[in-house]
Amino acid sequence: MKKTSKLYYGAAYYDEYMPCSRLQKDMDLMRKAEFNLIRIAESTWSTWEPNDGEFDFTHLHRMLKAAQDAGIDVIVGTPTYAIPPWLARKYPDILAVTHHGQELYGHRQNMDITHPGYLFHAERIIRRLMKEIQPYTHVIGIQIDNETKHYDTCSPRVQQMFCAYLKKQYPDIQAFNAEFGLNYWSNRVQDWADLPDIRGTINGSLGAEFKQFQRNLVTEFFHWQEGIIRTYLRPDQLVTHNFDFSWRNYSYGYQPDVNQYDAAQPLDIAGCDIYHPGEDLLSGAEIAFGGDVARSLKKTNYLVLETQAQGNHGWLAYPGQLRLQAFSHLAGGADCVEYWHWHSIHNAIESYWKGVLSHNLKENATYRECMSIGADFARLSNDLLHLSKHNRIAMMMSNRSNTAFTYFPAGSINDQNTVVRWLYDACYRMNLEMDCISDTCAAPDQLAAYDLIILPSVYSMSKELITSLDTYVKNGGHLLASFRSAFADEHLKIYADDQPYGLTDCFGITYDQFTDPGRTTLSGKAAAFEKQPVLSDWMELLIPKDTQTEVIANYDHPYWNAYAAVTHHPYGKGSAAYIGCFMDNASLEVILKTLMERFHITVSGEHFPLIRREGINQNGEKITYFFNYSNDTVSYTVPYHGTELIEDTTVYAQDTAALKPWGFHILKKDPVK
């Protein structure tokens, strides 16, 4: 597994976007701030190839030579995510046909990534670019494309590819009809030539399978680009990609349009783009979640290839917050923090997505805070590089379940990421660190690495996964599932049996009715609620199967009070808990704290806005980060004798330490003598 040789700190840089020539000045400013990495080229196909077959790499060589002279390393992005106008003119059908019709030229990521003309010209520009950069030893790696997705490509040609994909899986067309329930509304297909346009389907199973097929196209695209790149790569260079996340005006949840665990396989190091609310809304949750996903893709350190410096409107960091954000990334296991971008752009759609420098291109408060971060990254690189995390909790990510929620919402919850972040954020506030594992690679030996597996409404489960989870609990693991877990198979076909399918003995409950909570609330002796719980959207009427099932909370309602809402059940050497309803955050934390006691998992007294994150550095030393995500001073108890690295001071176990608003400490444990 390739790793970086140092902590990297830098920004995306675009000489071709500048309103004036100032390359040397920018390099000088970067070195002054101890930036040691820039990312270039991923957006500039029309600059490198202004006309078909006519190449001009002037800006590329200007940037590479200037960075080389300044001692700044470079990651070069392949420029394939934004096609030039001449390519759209040459192949009118290169613009993706989607569920909403054909794209128009103008925005990025508007093309069909399977189009033969696109692939031909993309390969040509990649090969030319790779040849141009070969002499430069400070190019440390290549970024494949940029935030790649399938862009909902579903042209007639793509649908023919999908038909071939189905025929390979189902040589018997009648088996296909049965598997996908196509008798409904006379959708049964007797000849593959009659497979209708997928854009019109009302069948959630078939629609979801097409989404899976589209995600597979992205994985194939990554392998295709990686194969080209590696023919030119030096042994010391790395291949990466900047995976992004689902978007709710900032990075929110697991990306539904990419099987990121599969797409990351050809990469040496996974990268990610993490954007988040700022100012009073800065919580660190998005930084933690994005980092936990990125780290889990290859089970090792990752690169933050884009995050905000000033960023979008309302994200401007208070004094000290930029430092807090940068070190929060390192606490998740990042070995690099890069801003998008260095300079604020003076035209086009991202003009107000501000970089390190504002539109006047002068030093400012953000730049001066970057100087302090760069100095500390350089000084502490040996201590903070390659942080290794050994989390005992894992949350399962499931693209198929996410797709299911778009077809079959839970009340108003039409995105499974709502449930993912509901559970993840509650654990984050309680300082329970975790990995994020895929439902596609959850073999028993992989699950056994964890004390607790959390299923955030993992609606779609194969029988193999269900069996693995059952065995995991029998062998001593603990399982926590929320409502709508284990309801349908991998094709979203609902299991015709008791729910949660195949796990009723494991959870010690079943149910066959669910409804909107309305005025329902919760009660129960095991869970001490300080305020009356508020339920919304979804509740399942849980029925305990045996006397060993402990009811943690009942529904408090004139008619539904006979049913359980939250349960815990010993099973084999382990145990399993089930949360049957969606509730407010405070009540969820009460439930989780109660269940963690049953799972024998320690919940510390530390709670948001005090966040604690830990790991082992490359030297085998324990590193503990304490972050204060608030405008108030908070205190914590020092966990061991050691050194506070930012101030280089000695700390002693059980002492009380204070963190200023938006402040942080980094502790390194003294070696045991």
| Is it the case that more than 12 heavy atoms not belonging to K3 sit under 6.0 Å from its NZ atom? | yes
| query | Atom OG in S381, atom CD in Q618: separation rounded to 0.5 Å? | reply | 7.0 Å
| task | Mark yes or no for whether D537, through its side chain, and S412, through its backbone, hold a donor-acceptor pair below 3.5 Å. | result | yes
| field | Candidate list V566, L535, N561, test side-chain contact (heavy atoms from CB on, under 4.5 Å), partner Y555, passing option | value | L535
| message | For the aromatic rings, using the six-membered ring if either is Trp, is the centroid distance between Y250 and F245 under 6.0 Å? | response | no
| message | I'd like to know if the side chain of D546 reaches the main chain of T549, judged simply by a donor and an acceptor atom lying under 3.5 Å from each other, with no hydrogens or angles considered. | response | yes
| message | Quick one: does any side-chain atom of N301 pair with a main-chain N or O of L387 as donor and acceptor, under 3.5 Å? | response | yes
| Which distance, rounded to the nearest 0.5 Å, do you find between the OH of Y563 and the CD of Q513? | 5.5 Å
| task | In plain terms, say whether D489 and K463 are close enough for a salt bridge, that is, a side-chain N and a carboxylate O under 4.0 Å apart. | result | no
| Pairwise distance OG1(T440) to CD(E490) - rounded to 0.5 angstrom | 12.0 Å
| message | Regarding R248 and T418, do their side chains bring together a donor and an acceptor under 3.5 Å, going by distance alone? | response | yes
| said: Side chains of L480 and L592, heavy atoms from C-beta outward: is any pair under 4.5 Å? | reply: yes
| field | Pairwise side-chain contact, H568 with F599, heavy-atom cut-off 4.5 Å (strictly under) | value | yes
| message | Minimum heavy-atom separation for V258 and A263, please, with both atom names. | response | CG1-CB, 3.9 Å
| task | Answer yes or no: is there a side-chain heavy-atom contact under 4.5 Å between T520 and T515? | result | no
| field | Any donor-acceptor N/O pair, S296 side chain to I437 backbone, under 3.5 Å | value | no
| query | So among V337, L322, D376, which one has a side-chain contact (heavy atoms from CB on, under 4.5 Å) with F327? | reply | D376
| task | Measure the spacing between OG of S283 and CZ of F289 and express it to the nearest 0.5 Å. | result | 12.5 Å
| Main-chain N/O of G278 paired with Y318 side-chain donor or acceptor, under 3.5 Å | no
Under 3.5 Å, which donor-acceptor pairs link side chains of residues 646-668 to any protein atom two or more places apart or in another chain?
{"from": "W662", "atom 1": "NE1", "to": "N631", "atom 2": "OD1", "distance (Å)": "2.9"}
{"from": "H665", "atom 1": "ND1", "to": "Y636", "atom 2": "OH", "distance (Å)": "2.8"}
{"from": "K668", "atom 1": "NZ", "to": "D383", "atom 2": "OD1", "distance (Å)": "3.1"}

| query | With side chains defined as the heavy atoms from C-beta onward, is the minimum distance between L479 and F507 less than 4.5 Å? | reply | yes
| said: Quick one about R215 and N259 (side-chain donor to acceptor, distance below 3.5 Å, no hydrogens or angles considered), yes or no? | reply: yes
| request: Before accepting this row, confirm whether a basic side-chain N of the pair K474/D505 lies closer than 4.0 Å to the acidic partner's carboxylate O. | output: no
| said: One pair to check against side-chain contact (heavy atoms from CB on, under 4.5 Å): F608 and D425. What are the steps and the verdict? | reply: CA-CA 10 Å; F608 183 85; D425 287 12; over 6 Å; no
| field | Over all atoms of both residues, closest heavy-atom pair of S575 and P570 | value | CB-CA, 3.9 Å
| said: Is the terminal nitrogen or CZ of R484 (NZ for Lys, CZ for Arg) located under 6.0 angstrom from the six-membered ring centre of F408 and within 45° of that ring's axis? | reply: no
| For the residue pair D273 and S251, what are the closest heavy atoms and their distance? | O-OG, 3.6 Å
| query | Do you know the tightest heavy-atom contact between S246 and P256? | reply | CB-CD, 3.9 Å
| Do H329 and I274 have side chains that get closer than 4.5 Å, going by heavy atoms? | yes
| For G332, does its backbone N or O pair with a side-chain atom of R295 as donor and acceptor, under 3.5 Å? | yes
| Contact check, side chains of I269 and D335, non-hydrogen atoms, under 4.5 Å | no
| Main-chain N/O of H276 paired with Q308 side-chain donor or acceptor, under 3.5 Å | yes
| Option from F514, F487, Y511 for which ring pair (Phe, Tyr, Trp, His ring centres under 6.0 Å) with W538 holds | F514
| message | I need the minimum non-hydrogen distance between A553 and I591, along with the two atoms involved. | response | CB-CD1, 4.3 Å
| field | Pair Y450-N391, side-chain donor/acceptor within less than 3.5 Å | value | no
| field | Sidechain N-carboxylate O distance under 4.0 Å for E550, K525 | value | no
| query | Can any side-chain N or O of Y254 pair as donor or acceptor with the backbone N or O of Q260 at less than 3.5 Å? | reply | yes
| How about Y640 and T624: do any of their side-chain heavy atoms sit closer than 4.5 Å? | yes
| request: Return yes if a side-chain donor-acceptor contact under 3.5 Å exists between T567 and H569, otherwise no. | output: no
| Looking only at side chains, do N399 and Q212 share a donor and an acceptor under 3.5 Å apart? | no
| request: Return the orientation label for the Y428 and Y424 ring planes: parallel under 30°, perpendicular over 60°, tilted otherwise. | output: parallel
| remark: Given the options R392, K669, K622, K389, E614 meets salt bridge (charged side-chain N to carboxylate O under 4.0 Å, His left out) only with K622
| field | Approximate separation, where rounding is to 0.5 Å, of I601 CD1 and I393 CD1 | value | 4.5 Å
| said: Please tell me whether T521 and D556 have a donor and an acceptor in their side chains that are separated by less than 3.5 angstrom. | reply: no
| Within the side chain of S482, is there an N or O that forms a donor-acceptor pair under 3.5 Å with the backbone of I579? | no
| task | Evaluate the side chain to side chain donor-acceptor pair (under 3.5 Å) criterion for residues Y275 and E306: first the C-alpha distance (whole Å), next the side-chain angles of each, then the deciding distance (0.1 Å), finally the verdict. | result | CA-CA 8 Å; Y275 296 102; E306 290 186 24; 2.6 Å; yes
| query | Of the non-hydrogen atoms in L588 and A426, which two are nearest, and what is the gap between them? | reply | CD2-CB, 3.7 Å
| query | Can M434 and I454 be said to form a side-chain contact (heavy atoms from CB on, under 4.5 Å), step by step? | reply | CA-CA 10 Å; M434 65 179 67; I454 300 176; 4.0 Å; yes
| query | Where do S457 and F405 land on the side-chain contact (heavy atoms from CB on, under 4.5 Å) test, with the steps shown first? | reply | CA-CA 9 Å; S457 294; F405 268 67; 3.7 Å; yes
| task | Indicate yes or no for a side-chain donor-acceptor contact from Q416 to the backbone of T403 under 3.5 Å, with no hydrogens or angles considered. | result | no
| Donor-acceptor side-chain pairing of H607 and N431 below 3.5 angstrom | no
| request: Look up atom CG in N619 and atom CG in L384, then write down how far apart they are to the nearest 0.5 Å. | output: 10.0 Å
| query | Do T406 and K211 come close enough that some side-chain heavy atom pair is under 4.5 Å? | reply | no
| Considering residues, nucleotides and ligands other than K493, do more than 12 of their heavy atoms fall under 6.0 Å from its NZ? | yes
